[in-house]
Amino acid sequence: MENKLFIYNTLSRKKEEFIPINPKHVGLYVCGPTVYGDPHLGHSRPAITYDILFRYLTHLGYKVRYVRNITDVGHLENDADVGEDKIAKKARLEELEPMEVVQYYSDRYHEYMDALNVRKPSIEPRASGHIIEQLQMVEDILKKGYAYESNGSVYFDVDKYNEQHNYGRLSGRNIEDMLSTTRDLDGQSEKRKSYDFALWKKAAPEHIMRWPSPFSDGFPGWHLECSAMSARYLGEEFDIHGGGMDLLFPHHECEIAQSTVAHGHTPARYWMHNNMITINGQKMGKSLGNFITLEQFFTGEHELLEQAYSPMTIRFFIMQAHYRSTLDFSNEALQAAQKGMERLLEGCAKMDKIKAGSQSDFNIAELSEKCYSAISDDLNTPILIAHLFEGVKWINTLVDKNASVTEDDLTALKLLMNTMVFDILGLKANQTQGGGNDALLSETVNLLLNLRVEAKANKDWATADKIRNELQTMGIVIKDTKDGFEWEIK
RNA sequence: GGUUCCUUGGCCGAGUGGCUAGGCAACGGUCUGCAAAACCGUGUACGGCGGUUCGAGUCCGCCAGGAACCUCCA
């Protein structure tokens, strides 16, 4: 099958056909989390977006090396000079070793990403494990004359870079504007221009996370890790670089500048940026303090949450919007997502009940074509999902025996639905369904429900209703079906 | 202040110069001892004002409202 994948490239501001550097391989780098707090809803957006990209590229037959870093050093709390490292700050507050904090929140991140069924990246490098690579890059840039040393720190010379290259190419800014709009921060005196950015920072005496270097005992600058680690694992030029839109400037702009000087060209060919999740119309983020953690979503324990939402509900909610649009959080939207997802998954589960016939009333090949062109069109998951609901409608009609399909078409339909829903969108079926989690409980409930069937047969509605209502109170939902009953734990 | 972007039916959210997005909710129906669930069917839209066009939510301009980035952020 011929599937041309189109990706919106922030560099060109256009959708472009994806053509990998190496026909069989794809190098994908995505900016991961800074591990100093519990993962919140916002973190799930890039994780899920690029997970779908990873899954789809893999499905298309590419061998994908997906690198997603963990930032455990280098981000400053406030401004350039007086700030302290976020990790170090958190460590002091909790009286922990910085690496203990990193370990804890990395584990938390992994736990919640697993819950969301986000596949693990191929490599998950940490900034602190690549100080040597970063220092080499600093020295290289310095040697080439695009950086200067000042009071033990090293800064990137944006003016010099901009003579030959275009600083602002990715973010669409120009350097004159930046000069007038960059904030006046304390300690800017070390820098020649306010828009110069740090490659290496000298550590203040109280700073715990520090490494020796020819310039000073210090730590690498804010943007260096991604450049150094992507080059190390994917090469100096790789295919796709992803991340949140909030990283577009300055982070990704700086990455491009650094890598261009060090390696002679832009590091990645395709730059993808996912949009933000908003809450009351505002970006959900760490700094605004308006975030809801994934743990809170899963338990429902947050004042803004009317109920708990399962990881798959969160995943589906995110996939129902295009990744480049903002997505507004609300209980209503999440509840709608939950119901829609349940219908989709139930549709998939019902496919086994369909018996093949002698003719097909549906064009499965056409549906398949539509699904592939949706996901190939810059990962248009909302359209893909709309088509899958068309499939669900067909499945229901077939289950009700109001239409028929041939054996071949049935196989094709099953393959299509399973591929799209489980392999590419990465949903997974609810495990508590049918009471398969505890044999004893399962048998007990089945016993009661069989008694209820007997009561119904005897027209003993009082007993039948009593069993139903009491089980309901315990959180067991009963569904009467044509051939008996189904139940699940809520 | 600068740059960029957004405004779609009750809610969430796609998309396109002319052809039904989809989900949820609502309403009607089927099923059921009743209910629930499930299934089927139905309606409402493109912020305001101008312009381009045979034809514009879709392109252009202005206005209103909102957001992101310019500081760490996914």
Side-chain angles (χ1 to χ4, degrees), chain A residues 13 30-34 36-37 39-50 71 74-80 83 85-86 168 171-174 176-183 185 194-195 222 242-251 253 273-278 281-288 291 316-317 320-322 324-341 343-344 346 350 374 377 380-390 392-393 396-397 399-400 402 456 459-461 464-465 468-469 472 477-482 485-488:
Chain A
R13 317 239 155 206
V30 173
C31 293
T34 305
Y36 67 110
H40 60 77
L41 184 61
H43 290 106
S44 59
R45 188 120 201 233
I48 289 169
T49 298
Y50 301 111
T71 298
H75 283 294
L76 298 179
E77 180 75 2
N78 278 313
D79 57 69
D85 192 288
K86 277 186 175 168
S171 57
R173 282 152 209 272
N174 70 63
E176 294 82 23
D177 289 343
M178 277 185 248
L179 198 56
S180 58
T181 58
T182 307
R183 279 196 189 178
L185 299 172
S194 56
Y195 44 62
W222 322 345
M245 262 183 198
D246 50 350
L247 299 177
L248 217 162
F249 188 88
H251 184 58
E253 197 70 64
H273 291 94
N274 61 276
N275 214 319
M276 302 292 105
I277 289 178
T278 57
Q282 265 203 323
K283 173 182 163 184
M284 181 182 285
K286 194 90 180 148
S287 35
L288 287 165
F291 59 89
F316 192 77
F317 171 66
Q320 264 197 317
H322 187 88
R324 281 191 288 113
S325 302
T326 55
L327 173 59
D328 199 52
F329 153 82
S330 72
N331 281 285
E332 268 186 304
L334 277 166
Q335 284 156 10
Q338 181 181 339
K339 296 216 170 151
M341 177 195 67
R343 200 157 83 83
L344 180 62
E346 277 167 26
K350 274 193 268 188
D377 182 15
N380 199 327
T381 52
I383 294 286
L384 170 59
I385 289 169
H387 292 320
L388 293 175
F389 275 111
E390 177 85 12
V392 169
K393 193 177 280 188
N396 288 328
T397 309
V399 170
D400 290 347
N402 291 325
K456 280 169 68 175
K459 298 202 193 297
D460 179 2
W461 311 129
D465 289 355
R468 180 174 70 195
N469 296 341
Q472 205 118 26
V477 180
I478 291 105
K479 297 177 191 173
D480 288 344
T481 61
K482 277 209 174 70
F485 55 81
E486 283 174 7
W487 60 276
E488 63 178 320

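First the proteins, then the strands, lettered A, B, ... as listed; each starts at 1. FYI, side chains are in, hydrogens and waters are out, and symmetry mates aren't considered; it's all heavy atoms of this structure.
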Short side-chain N/O contact to B:U3 OP1/OP2 from A:Ser171, under 4.0 Å: no
Whole angstroms only, please: what is the [atom1]-[atom2] distance between [X] and [N]?
X        : N     : atom1 : atom2 : result
A:Asn396 : B:G29 : CG    : P     : 21 Å
A:Ile385 : B:C12 : CD1   : C1'   : 12 Å
A:Glu346 : B:A37 : CD    : P     : 12 Å
A:His273 : B:U3  : NE2   : P     : 21 Å
A:Arg343 : B:C40 : CZ    : P     : 6 Å
A:Asn331 : B:G23 : CG    : P     : 22 Å
A:Asn402 : B:A38 : CG    : P     : 18 Å

Is there a Watson-Crick or G-U wobble partner for [N] with both distances under 3.5 Å, and which nucleotide is it?
N     : answer
B:G41 : B:C27
B:C19 : none
B:U3  : B:A68
B:U32 : none

Have a look at [X] and say if it touches a base, only the backbone sugar-phosphate, or nothing, with a 4.0 Å heavy-atom cut-off.
X        : value
A:Met276 : base
A:Met284 : base
A:Ala333 : sugar-phosphate
A:Asn275 : base

Proximity to the side chain of [X] - top-ranked nucleotide from [options]:
X        : options             : result
A:Ile383 : B:C70, B:A14, B:A36 : B:A14
A:Asp246 : B:C39, B:A35, B:A74 : B:A74
A:Ala321 : B:C24, B:A74, B:G13 : B:G13
A:Arg468 : B:C34, B:G15, B:C39 : B:C34
A:Asn380 : B:A36, B:A14, B:C39 : B:A14
A:Lys283 : B:G13, B:G33, B:A68 : B:A68
A:Thr34  : B:C24, B:A74, B:A14 : B:A74
A:Ala386 : B:A74, B:A35, B:G22 : B:G22
A:Glu332 : B:A74, B:C70, B:C11 : B:C11
A:Ala336 : B:G15, B:C24, B:A74 : B:C24

Syn/anti state of B:G57 by chi, 90° boundary around 0: syn
Least distance between heavy atoms, A:Phe291 atom then A:Lys286 atom: CD2-CA, 3.9 Å
Side chain proximity check, A:Val477 to A:Gln472, heavy atoms < 4.5 angstrom: yes
Check: A:Leu388 and A:Leu344 side chains under 4.5 Å, non-hydrogen atoms: yes
Pairwise 5' ranking along RNA chain B for A:Gly172 and A:Pro250, keeping only the more 5' one: A:Gly172
Face-to-face stacking of A:Trp461 with B:G33, centres under 5.5 angstrom, angle under 30°: yes
Those residues that, when tested against A:Asn275, pass side chain to side chain contact (heavy atoms under 4.5 Å, CB included) (two or more places apart): A:Arg45, A:Met245, A:Thr326
Donor-acceptor pair (no angle test) under 3.5 Å: A:Asp465 side chain, B:G33 base: yes
Donor-acceptor under 3.5 Å (A:Asn274 side chain, A:Gly244 main chain): yes
